Each structure stands twice: as C-alpha cells, then as structure tokens.
K.L.:
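What follows is a structure written as structure tokens; I'll ask about it next.
Heavy-atom basis, side chains included; hydrogens, waters and symmetry copies ignored. Worth saying up front: this structure is predicted, and the values here are computed from it rather than measured. Chain letters run A, B, ... following the sequence lines, proteins first and then strands; every chain starts at 1.
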Amino acid sequence: MENSNSYSPYSSSSVDSTKPSPSESSVNLSLSLTFPSTSSQRETSQDWPPIKPRLRDTLKGLRLRQRGYHRALFVKVYMEGVPIGRKLDLSTFSSYESLLENLSHMFDTSVICGKRDIKHHVLTYQDKDGDWMMVGDIPWDMFLETVRRLKITRPERC
Amino acid sequence: MASVSLLFVTLLSVTLYINIKSFILWDQSQTFLPSLSDSVLMDRRFPFKVLEHIFSFVDSNEDRNSVSLVCKSWFETERRTRKRVFVGNCYAVSPLKVARRFPKMRSLTLKGKPHFADYNLVPDGWGGYAWPWIEAMAARRPLLEEIRLKRMVVTDECLEKIAASFRDFKSLVLTSCEGFSTDGIAAIASTCRKLRNLELRECIVDDLGGDWLSYFPETSTSLVSLDFSCLDSEVKLSDLERLLSRSPNLKSLKLNRSVTLDVLESLLRRAPQLVELGTGSFSDELDPEEISKLTKALSELKQLKSLSGLWDLLPEYIPVLYSVCPRLTSLNLSYATVQMPDLIDLLSRCSKLQKLWVMDLIEDKGLKTVALCCKELRELRVFPSGADLDETDVTLTEQGLVSVSEGCQKLESVLYFCVQFTNAALVSIAKNRPNFRCFRLCVMEPFAPDYRTQQPLDEGFKAIVERCKDLRRLSVSGLLTDKAFEYIGVHAKKLRMLSIAFAGDSDLMLHHLLSGCESLKKLEIRDCPFGDTALLENAAKLETMRSLWMSSCFVSFGACKQLSQKMPRLNVEVIDEHPPKTRPDSSPVERIYIYRTVAGPRLDTPEFVWTIHKKPEVGVSRLAIR
C-alpha cells in the first residue's frame, strides 16, 4: 500500500526472518511489510482487526456460508439396536457417496442406500413431514433441505 | 451532625492520589502496624465507629484509596471496612498482602493478562494464574463471597478449591478466562449451596459435555444469574428445565448455541421472570404452531430488558421478537447474521434501547434507523462481518456513525469497525457528541488516510479530543502522524486508556503522550516506529500508570535493561517467542510489557519472558502454577 509513512514495522504474530538489522532500523526504508495490508492477509491474520476469538470464529463460519457453502446442518444418526446416537454435520458432505463412506467409517460397518440387501446396513432418513424414507431417491441438495434424522437399519427390515 | 458532614465533604475533596502510593505507604507500615492498639489509632475528634460509619458511604475504590492516604487512622479504618477489593493487575501486589490488608473482604476482582491478549498478541503460557490468589484467600479470608476474574488462567483445582473453602460463596464471574474444564464448573455447582451468580463470559473451556448442569442441588437453588454461552456441548433439556423450575430467583439466563430453537419455548415458560435472556441458536426450523407458541412465550417475559445470543437469526423469525422490543434496553446482535433490510423491522421497534451491539451488516441505512428510533442509545458497537473482504455489498461507511452521533443525544460509548474514514466525519461526530466517554474507532485498513483528501486523520482525532472533554478511553487508527499525538497529549487530560496501532512517525509520538496525558493509566501500542528515547525520558511517568504494552515497535533490548535498572518498582518484561541466540543491546524486542508493582519480580515467568531478575541458570518456578 503506497503511503507517505516510511518505516518498516513487522508483525509480531508470525516468524519474521527478514527483521531489519539494528543499523537499518533507523533508516527510512520500507522493508518487508508483513503487517496485514492486503485483504487476503487480513483474512488469514490472527490478530488484526482486533476482535475477540469467538467473534473471529463466528465470522469465519459466516463468510463460508456467504460464499455458497451450506450452513452447518447437524442431524442425529442412530444405528438400529444401539440406543446412543451420533451427530453429523451434513453440510460437510457434497454427495451421497461421501456421506455413506463417512457413516461406514463411523459405525464400522458397510452402509449403503437404496436397494434392499440382506448383507449390508441400509440408510434411511426422516423427512420434514416425519416420514421415514429410503436415502438416495432425491437429488443431494433437495435431500439436505428435507432431512431431519438418519437411521441405519438392520438389513432384514427394509 | 454538621461536623460529620463537614468531615464527609473534606473527605470527598481530598486530592486523588495514585494507587501505588497507597500500597507503598501500607507496605512500609507493615513493619510496625501490628503493635499499635486500637486506642492509639482512634482519632480524638472522630472515634473509630464514626469514621467507620462515614466510610460506609464511600463506595468507589478510587475514593477509598484516596481516603486511606489521609492519615494512619483513616488508613486503618478504611482497610478494616473495605468489602469489595479490586486489583487491576494481579502482578502489581502479592495475594498475601491483599488478604492481610482487608479483613472484611467479601468480593475480590482481579485482572491478569494485558488487554491485547484478547487479540492473540500475548503468547500462551505468559501467566496470569489465579491459583496463588485463591490459595491465599482460602487460607485467610474464608468468608469471601465473590470472585471476579478477567483474563486469567483458572484451573479445575482453582474451582475445586473455591468450592471447598468458601462456605458462603455466592458469585463467580469469569471473563475471558481459560484453563478449566466443565468438571470444575460441576464442582462449583454441586458444592456452593448459596450460589447466586455463575457467569462464564467468553471463556475458553475444556468442554467435556453437558453433565455439569445436573450437579446443581436438587432442592431449590438461589441462582440469580447463569451464563454458559461460551460452552460448546449440549446440555440435557430435562436438566435445564428442572433447574429453571427450581430457581425462582433467576433473573439472567444466557444459553449456549447448542440449545436449539425448538426447546426455547419450554424453557421460557419455566422462567417468565427473566430480565436478561441469551438465547441459543435461532435458525432451526419450526412449524407454524411452534412459532406461535414461541412468540407467546416471549411475550410473557414482561420484565425482559436485555436480549442476546440469537445465533444465525433467520429473517423469518424476527417477528417473533416484536413483543419484547419495546421494553429492551440492551440488544446484542453480534452473532445474528441478519442483513438489511430485515434489521430495520427489529430496530425500529426498540425505542428504549440503550446498548446496541451489531455487525456491520446493519449498514448506513440501518444506523440511520437507529438514529431515528433509538433516542436513548448510550452505547454502540459495530463489528466487522468480513463482508468487505468478500466484496459483498455491505455499505457501512463513516456516514453511519455520523448519523447516530447526530440522532442519539445520549450516546457516550462507541466501538466502530470501518474500512476507511474521513476527517470531516470525525469533526462532525465530535461536534455532535461532545459527551463521549469512550471512543474506539478501528479503521481496518492500516495507514488508511482520509479517503477523500488523502490526508492523515490527525485533524479528525484532534476534534475528538478537543471537544470531548470527558473522554476516558480512546482507540485511534488510520494514517496518523506525530501531530495527532501532540493533540492528544495537549487535550486529552482525562484520558485513562489509549490503544494505538500502525501509527506515528517517531519517538515524539510516545513523548507527547507520556508527557501530556495526565490521567493515563493504560497504554497499548502495536506496530509503531519508535521506542527507546521516549521510553527512557519518560520513565517516571510509567510508575503513575498501571501498564504499558508495546509490540512490534522499535524498542531495543538495551533500553529494556536500562529501564529495569533505573526503575526498580517497575516490572519490565520482554516477551520474545523467537529470541535470537545472542542478544546485543541494539537488537529489537518483539514485545515489551511494563507495569508498576510492589510485589517485586514474578516467580512464574515462562522461558520466553525475560526480566532483569532472571538468571539464566535458574529455571522457571512452577510453585505459582497449578
């Protein structure tokens, strides 16, 4: 940023390998300016502008959403027969495949959707009308709008 | 009676001495006080009982500090009657001395880390440990009822010690603290049977789950305020409902984000007497019936004055809040990511509003509405949403603040984040509102000049300090030369706290401030191009202040050593996370924190903090930390 001020400050929050040596510090030179002058630097800087950590985190989330990311969408996930469920943020997935992969990992079994299968666990969901439906019939985006809970059923039940 | 009121008047007109003198006097007196008997201490004209009665009308700690400097008997009477003790810097005095000085202490307030710790400028592990204080009070002042800590490291052991040691413990308020887990909170909840206030304000807590809430006693509680808004994990709804049902005195409740909107109605039904409410998330989907039940529940809160929380407030839920708006005096929308024009519907109904915290999504238009509708406004804070970085269309400019300064006659405290500003705007604002006590402007673009004239913002801030004679707190930003600080030094005579970033040209800047601002107590500076000369020339001034923080400035190691040697009653701390292998006197230091103290050198400094008392071969003392 062009300005008439001529000196070289350095950011204290990052390791600055180009600190001015003692003799240079009194000279009016613009050396490496590592303070957050550009927007992108301000984005990643942890200490400017001066706002508290919790607000900083909230704003990160806000800006991710404004950029078109889905807002956090936590739903409960139950494995049939297991009373304690898990919670999952569906907004972190982009498709059914990634969701299934994650669930399979989480519950240590293979979870699929759609077809009946005597060998695998099948994923079902409760929609906003309260009805239990098979996962996979509607487009992913529409699914995110309507899903309220997930249940992984025992193979025979479907 | 006349002589008593004369004494009272005399008392109040005693010149305000600085805090430090009070402690020095007391410090010296410790060597012979114990041998004096009460009869010797009694003033011949005014017996102890009379003085005691008069002093009971003296509330403010500053006045009490002045009182204690008048003479020995006043000192003694005052110290035996002080109930609320405030220590602005936990390293300025030793816990033991404070415990011994105030036998009737019922409330202790402590502050630890410097203010810039809020913005990640103080490395972890610097200090500010609560343990030594709690240990000292537990041993000597078991009747302590209230502990208020700000920016301190509090461990579970500290909390357990509090629960175990103070049988009448009533109030725990932790602001920006860290180091404890929900287990510690559970200990307080279960053991302190007379607990009235449990407030965790913006703390960083090791959240092990929501069980702690179930630890409150099963019988009715004496809770008046409960704030767990900084916790992340879910608490059980049934625990919360039952707690509310058995806490008839609860006036302030601040939920955390995981409390979803669908359960809010059930909670509010059980606490219609609330004066302050911090909701949880406000974005979950509700069906029309739920919405109407929630609207009704909110309208039943006839005493509600303060509303906060409102995470992710959806525009369609704003009408739900309409019934509470006309009574609100405080509204915190910092987490409500609502944009214009939806905000207008909300704000235009808040005619009694005194305090408004909001994001810059309010834009100039929204602030115009505030100027028109919120005539009682005293405090305004506008936070950055980061929208400017995304180049989203959010038009918050200097005009917004100008409108509010015109329309809101009672406005006295402002915190305003804006990308750029003009001198003309600052001059208007100063003309409109000479009653500012706190003016904090953060122009987010460092070194940004007046964007219309390309001049530094010197003249603008000059107007502010010239006109606002009662200014106590100021934060400056934008392009500023030494001249700006000359103006501040000349005019800001009541200024107590000043924050500066990316400003000034030379040592003159610091010199103007230290030689001019008579009431200056706290000065914090980052990224400014000077250090040594002004610091050494004004060393004596530093003893009249609570603290000075300078980071990323040009202060040399040699100057730090010189200052330490010259001023034994200052602790000069050099905080360098990446110290060079050899440290010649001319090498610049990353951060310097200077504060006056009668407690001598700290025993709990980590490796990255250098003080003149440190011998390289002596390790860090771990005794002070638990």
K.L.:
Who pairs with B:R583 by salt bridge (Lys or Arg N to Asp or Glu O under 4.0 Å), at least two apart in sequence or on another chain?
P.N.:
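Counting only residues at least two positions away or on another chain, B:R583 forms a salt bridge (Lys or Arg N to Asp or Glu O under 4.0 Å) with B:D576.
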
K.L.:
Between B:C230 and A:R54, what is the shortest heavy-atom contact and its length?
P.N.:
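Here B:C230 and A:R54 meet closest at O-NH2, 2.7 Å.
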
K.L.:
Please check if atom CG in A:D129 has more than 12 non-hydrogen atoms from other residues, nucleotides or ligands closer than 6.0 Å.
P.N.:
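It does: A:D129 CG has more than 12 such atoms within range.
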
K.L.:
Using heavy-atom distances under 4.5 Å, tell me whether B:V443 contacts chain A through its side chain, its backbone, both, or neither.
P.N.:
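B:V443 touches chain A through backbone heavy atoms alone.
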
K.L.:
What distance separates A:R56 CZ from B:D118 CG, expressed to the nearest 0.5 Å?
P.N.:
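Going from CZ on A:R56 over to CG on B:D118, the span is 10.5 Å.
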
K.L.:
Could you tell me which portion of B:S229 (side chain, backbone, both or neither) has an atom closer than 4.5 angstrom to a non-hydrogen atom of chain A?
P.N.:
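Just its backbone gets close to chain A.
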
K.L.:
I'd like to know whether CZ of A:R148 has more than 12 heavy-atom contacts from other residues, nucleotides or ligands below 6.0 angstrom.
P.N.:
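Enclosed.
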
K.L.:
Quick check on the 6.0 Å ring-centre criterion: do B:Y119 and A:W48 meet it?
P.N.:
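Not under 6.0 Å, so no.
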
K.L.:
Do you know which two heavy atoms are closest between A:P50 and B:F417, and how far apart they sit?
P.N.:
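Heavy atoms of A:P50 and B:F417 come nearest at O-CZ, 3.3 Å.
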
K.L.:
Is B:R526 salt-bridged to A:D47, going by a charged N under 4.0 Å from an acidic O?
P.N.:
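Salt bridge between B:R526 and A:D47, a charged N being under 4.0 Å from a carboxylate O: yes.
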
K.L.:
Can you tell which part of B:D232 gets under 4.5 Å to a heavy atom of chain A, answering side chain, backbone, both or neither?
P.N.:
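Interface part for B:D232: side chain.
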
K.L.:
Within the supplied structure, the quantity of interest is the number of heavy atoms (other residues, nucleotides, ligands) at a distance under 6.0 Å from A:E101 CD; does it exceed 12?
P.N.:
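No, not enclosed.
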
K.L.:
Please state whether the side chain, the backbone, both or neither of B:Q454 comes within less than 4.5 Å of a heavy atom of chain A.
P.N.:
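The answer is neither part of B:Q454.
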
K.L.:
Which heavy atom of A:L55 sits nearest to which heavy atom of B:S334, and what is that distance?
P.N.:
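Looks like CD1-O, 3.8 Å.
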
K.L.:
State the NZ-CD distance between A:K128 and B:E285, to the nearest 0.5 angstrom.
P.N.:
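CD of B:E285 is found 5.5 Å from NZ of A:K128.
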
